[in-house]
Amino acid sequence: MRLFDTLSREVRELRPIDGSSYRFYCCGPTVYGPAHIGNFRTFVLQDVFRRVLETGGTRTLHVRNITDVDDKTIRGSQAAGQPLAEFTAGWKAKFHTDCEALGCLPPHIEPGAVDHIPQQVAMIEALVEKDHAYAAPDGSVYFRIASFDRYGELSHLDRRELVLGKTQETRANADEYEKDSIADFVLWKARRPEDGDNFWSSPWGEGRPGWHLECSAMIREYLGESFDLHSGGVDLVFPHHENEIAQSRCACGGNFAAHWFHITHLLVDGGKMSKSLGNLYTLGDLAERGHGPMEVRYVLIGAHYRKPLNFTLDSLAGAREALAKLAKGARALAARAGGDHVLNAVGFGPFQAAWEALNDDLNTPAALGGLFTGLREASSLEGQAAAEALAAFNRLLRALGLELPEPEPDAEIPADIQALADERWAARSAKDWAKSDALRDDLAARGWLVKDGREGYQLEPA
RNA sequence: GGCGGAGUAGCCAAGUGGUAAGGCAGAGGUUUGCAAAACCUCCAUUCGUGGGUUCGAUUCCCACCUCCGCCUCCA
């Protein structure tokens, strides 16, 4: 497949550098609360990315970390009166539940920062040894960005300005005397009283690793010095990913990531999503409003990953209808396929355009459109041809990670409801419209919908 | 101030130097005693604004307007 690369700023064909499996790393969540739909736009698109590769026959190795120690997790655990590990374990479990509901495949490896302290310390030691890092008097260790020529390459920021710390006129609180340069970032944070019990020992004293370091250390551990692709939300381009590149290339050599895949943030109701505006939705918030996770997934993949996506509650309602329409189309196709078997599972038939869209810079909205036009095109197919089209449709759905709603199982109809409905049908058959309509209203009031047919009727829960 | 992205129908959203996918909503029709459901059909002479290049621009160029992101730990 072809995908835009943040570093080179061009769409490039992806090829596994080891020739067999495609190995990639995604920056995972900081587990201090429930993730919101903005977070999930990133994780869902990364999931579609992986599914498209796998559908295309490429094996993958998907590594995604859990940030389980930082200011927010420490503060959160203290506020909750829990040990850090217990606190983060709870939110990690919640994250997994949400991901599963959204149809995201679990990564093959999901390392946590706390479990990789020695690896992080080792990386700092290597950096200090090569003079890319230095210890400050308070026991913190910083990376010297002036020592890395390519600093700023990924974010395309002016390196000289970054080194001098002149990128922003408004940086007022430049009172960090510990650092050689204002722009140097922390690798090891010296222990502070507010860290509580959350500190580890190191050659520089007690403290904890800086945020950027965990990804570099875990990538080295599980993917080595060079790997295929690194992904995250756009906001991570600078400084997080820029810093990872600096740390990893200076400590290990190697090329680090061959390709950078960043997902643009979403907007809510055309504006910024924020807690204060009350539009920062979690899956739980949306469930309370009656919107299931598949509707959320549909909306999240409804815009191209490099464009802002305007998330609205109306679009969720639209997603439900769209999913129902797809399910209906699939059932109709299955009915026309009858019991015929698929002989030729190669190619995507009427859904070829949708498949190509996914492989062309992960164009999920175009692929969704192709699902509908494909179904229309397939509506004339019968027997084996229909079965093959259905197989292609289902493969595409799996690539998108969509699960279609099942038809409502025939609900248990209470005897009194059944009796009322029979009575209504009798009245209707006798052309007693007044009685028939009254009984229909009656049934509606009890939560049952009557669907009349020529030879009889069906009852459905409203 | 620097770098980057976006502005396409009521809403969401693809796309292209050659005359605008798809979804939702809406409208009409078939069916129905009337509804519902189902099925069918319709729904942007136009792509933020103003110029320019071109046989032709929504697509390329310039200017302007509006919105958004990043510019030191936010997906």
Side-chain angles (χ1 to χ4, degrees), chain A residues 6 9 26-30 35-46 67 70-72 145 152 155-158 161-162 165-171 173-174 176 179 181-186 189 210-213 231-240 242-243 262-267 270-274 298-299 302-304 306-323 325-326 328 332 353-354 357 363-376 428 431-434 436-437 440-441 444 449-454 457-458 460 462:
Chain A
T6 311
R9 290 186 174 172
C26 302
C27 286
T30 302
H36 54 69
I37 49 169
N39 298 309
F40 283 124
R41 181 186 194 189
T42 297
F43 298 128
V44 164
L45 273 135
Q46 289 164 343
T67 297
D70 78 326
D71 288 347
K72 284 173 299 199
I145 66 169
S155 51
H156 302 93
L157 294 172
D158 189 312
E161 294 202 344
L162 288 170
K166 285 183 178 172
T167 46
Q168 207 174 16
E169 313 250 0
T170 54
R171 52 185 313 124
N173 304 321
E176 305 197 35
K179 299 196 235 174
S181 161
I182 179 70
D184 289 350
F185 59 91
V186 71
K189 297 178 104 152
W211 173 47
H212 309 298
L213 190 62
S231 176
V234 272
D235 57 309
L236 297 184
V237 173
F238 190 90
H240 184 54
E242 199 74 71
N243 292 352
H262 289 105
I263 292 98
T264 298
H265 284 190
L266 57 71
L267 304 173
K272 212 179 303 187
M273 178 178 64
S274 75
Y298 187 93
V299 170
H304 187 85
R306 280 199 281 142
K307 282 195 178 181
L309 156 66
N310 191 13
F311 189 93
T312 66
L313 293 175
D314 280 351
S315 58
L316 284 173
R320 170 164 40 222
E321 297 306 317
L323 286 166
K325 186 171 180 173
L326 288 174
K328 215 174 290 174
N363 194 337
T364 49
L368 288 177
L371 244 30
F372 292 93
T373 50
L375 278 177
R376 195 168 305 145
R428 185 179 180 277
K431 297 192 191 298
D432 184 350
W433 311 131
S436 166
D437 291 354
R440 185 169 63 196
D441 292 345
L449 207 66
V450 188
K451 293 185 178 179
D452 290 337
R454 196 171 286 278
Y457 66 90
Q458 283 188 312
E460 276 182 17

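Below, all heavy atoms of this structure are taken into account, side chains as well, without hydrogens, waters or symmetry copies. Reminder, nothing fancy here: chain letters follow the sequence lines and each chain counts from 1.
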query: Hey, does the side-chain of A/Asp314 have a donor or acceptor N/O within less than 3.5 Å of a partner on the base of B/rA25?
result: no
field: Pairwise P distance, B/rC64 and B/rG69 [rounded to whole Å]
entry: 22 Å
message: Please classify the nucleic acid contact of A/Ile263 as base, sugar-phosphate, or nothing, using heavy-atom distances under 4.0 Å.
response: nothing
- request: Take the protein atom OH of A/Tyr457 and the nucleotide atom C1' of B/rG33, then report the distance between them rounded to whole Å.
  value: 19 Å
message: Just to be sure I understand the rule, does A/His265 reach a base, reach only the sugar-phosphate, or reach nothing, if contact means heavy atoms closer than 4.0 Å?
response: base
message: By the 4.0 Å heavy-atom rule, please label A/Gly369 as base, sugar-phosphate, or nothing.
response: base
field: For the student: nearest non-hydrogen atoms of A/Tyr298 and A/Ala319, plus distance
entry: CD2-CB, 3.6 Å
message: Rounding to an integer number of angstrom, what distance separates B/rU32 and B/rA25 when you compare their C1' atoms?
response: 24 Å
message: Quiz question: going by heavy-atom distance under 3.5 Å, is there a donor-acceptor pair between the base of B/rA36 and the side chain of A/Arg440?
response: no
query: Using purine N1 to pyrimidine N3 plus N6-O4 or O6-N4 for Watson-Crick, or N1-O2 and O6-N3 for G-U wobble, each under 3.5 Å, what pairs with B/rC67?
result: B/rG5
Nearest listed nucleotide, side chain of A/Arg428, among B/rG33, B/rA21, B/rC73: B/rG33
- prompt: Which base, if any, makes a Watson-Crick or G-U wobble pair with B/rC73, both distances under 3.5 Å?
  reply: none
field: Heavy-atom pair with the smallest gap, counting every atom of A/Gly270 and A/Asn310
entry: N-OD1, 2.6 Å
- line: In whole angstroms, the gap separating P of B/rG23 from CZ of A/Phe311 amounts to 21 Å
message: Would you measure the distance from the C1' atom in B/rA13 across to the matching atom in B/rC71 and give it in whole Å?
response: 30 Å
query: Between B/rA13, B/rG33, B/rA75, which nucleotide has the shortest distance from any of its atoms to the side chain of A/Trp433?
result: B/rG33
task: Locate the shortest heavy-atom distance separating A/Ala354 from A/Leu371; write the atom from each residue and the value.
output: CB-N, 4.3 Å
field: Phosphate OP1/OP2 of B/rA38: any A/Lys451 side-chain N/O under 4.0 Å
entry: no
message: Measuring only the P atom in each nucleotide, how far is B/rC61 from B/rC42? A whole number of Å is fine.
response: 36 Å
message: What contact category does A/Leu266 fall into here, base, sugar-phosphate, or nothing, at under 4.0 angstrom with non-hydrogen atoms?
response: base
query: Among B/rC73, B/rG33, B/rC3, which is the nearest nucleotide to the side chain of A/Ser436?
result: B/rG33
task: Measure from the ring centre of A/His156 to the centre of the six-membered ring in the base of B/rG4, then say whether that distance is under 5.5 Å and the planes meet at under 30°.
output: no
- prompt: Taking only side-chain nitrogens and oxygens of A/Lys325, does any of them come within less than 4.0 Å of OP1 or OP2 of B/rG22?
  reply: no
query: Which base, if any, makes a Watson-Crick or G-U wobble pair with B/rA25, both distances under 3.5 Å?
result: none
- prompt: With respect to the phosphate group of B/rC73, does any side-chain polar atom (N or O) of A/Lys72 fall under 4.0 Å of OP1 or OP2?
  reply: no
- request: Quote, to the nearest angstrom, the P distance that separates B/rC34 from B/rA9.
  value: 39 Å
task: Look at all strands and tell whether A/Gly38 reaches a base, only sugar-phosphate, or nothing, counting heavy atoms closer than 4.0 Å.
output: base
- request: Under 4.0 Å between any heavy atoms, over every strand shown, what does A/His304 touch: base, sugar-phosphate, or nothing? Just pick one.
  value: sugar-phosphate
statement: Quick note, A/Pro239 side chain, CB onward, closest among B/rC34, B/rU72, B/rG23 is B/rU72
Donor-acceptor pair, side chain of A/Asp452 and main chain of A/Tyr457, under 3.5 angstrom: no
field: Step-by-step side-chain contact (heavy atoms from CB on, under 4.5 Å) determination, A/Arg9 to A/His156
entry: CA-CA 10 Å; A/Arg9 290 186 174 172; A/His156 302 93; 3.0 Å; yes
- prompt: Pick the nucleotide of RNA chain B nearest each of A/Glu321 and A/Phe185; which residue has the one closer to the 5' end?
  reply: A/Glu321
message: Rounding to an integer number of angstrom, what distance separates B/rC65 and B/rA75 when you compare their P atoms?
response: 34 Å
B/rG5 OP1/OP2 closer than 4.0 Å to side-chain N/O of A/Lys307: no
query: Given side chains that start at C-beta, do those of A/Lys307 and A/Thr264 come closer than 4.5 Å, heavy atoms only?
result: no
field: For atom CZ of A/Arg306 and atom C1' of B/rA14, their distance in whole Å
entry: 14 Å
Spacing of A/Leu157 atom CG and A/Phe238 atom CZ [to the nearest 0.5 Å]: 5.5 Å
- line: Between CG of A/Leu316 and P of B/rA25 the distance, given in whole Å, is 14 Å
message: Strictly by Watson-Crick or wobble contacts shorter than 3.5 Å, is anything paired with B/rG33, and which nucleotide is it?
response: none
- prompt: So do A/Arg428 and A/Val450 actually touch side chain to side chain, heavy atoms under 4.5 Å?
  reply: no
message: As an exercise, state the distance from CD of A/Gln46 to CD1 of A/Ile263, rounded to the nearest 0.5 Å.
response: 4.5 Å
message: Suppose we define a pair by two distances each less than 3.5 Å, Watson-Crick or G-U wobble; what does B/rC43 pair with here?
response: none
- line: Checking N1-N3 plus N6-O4 or O6-N4 for Watson-Crick, or N1-O2 and O6-N3 for wobble, each under 3.5 Å, the partner of B/rA20 is none
message: Categorize A/Asp452 for me: base, sugar-phosphate, or nothing, with a 4.0 angstrom heavy-atom threshold over every strand shown.
response: base
message: Please give the distance between the P atoms of B/rC60 and B/rA44 as a whole number of Å.
response: 24 Å
- request: To the nearest Å, give me how far apart CG (A/Asp441) and C1' (B/rA36) are.
  value: 12 Å
- request: Using the C1' atoms only, state how far B/rG56 lies from B/rG23, rounded to an integer number of Å.
  value: 32 Å
query: For A/Phe185, which of A/Glu242, A/His240, A/His212 qualifies under side chain to side chain contact (heavy atoms under 4.5 Å, CB included)?
result: A/His212
statement: To the nearest angstrom, the CG-P distance between A/Asp235 and B/rA75 comes to 6 Å
Base partner of B/rU58, which must satisfy Watson-Crick or wobble distances under 3.5 Å: none
field: Contact nearer the 5' end of RNA chain B, comparing A/Asp437 with A/Val234
entry: A/Asp437
query: Is the ring of A/Phe40 stacked on the base of B/rA75, with centres less than 5.5 Å apart and planes under 30° off?
result: no
query: Roughly how many Å is it from NZ in A/Lys272 to C1' in B/rA75, rounded to a whole number?
result: 15 Å
- prompt: A/Leu157 has an atom CG; how far is it from atom P of B/rG2, in whole Å?
  reply: 14 Å
- prompt: Between B/rA13, B/rU72, B/rC39, which nucleotide gets closest to the side-chain atoms of A/Lys328?
  reply: B/rC39
- prompt: Would one find a side-chain N or O of A/Arg376 under 4.0 angstrom from OP1 or OP2 of B/rG22?
  reply: yes
- prompt: Does the base of B/rG15 carry an N or O that pairs as donor and acceptor with the side chain of A/Asn363 under 3.5 Å?
  reply: no
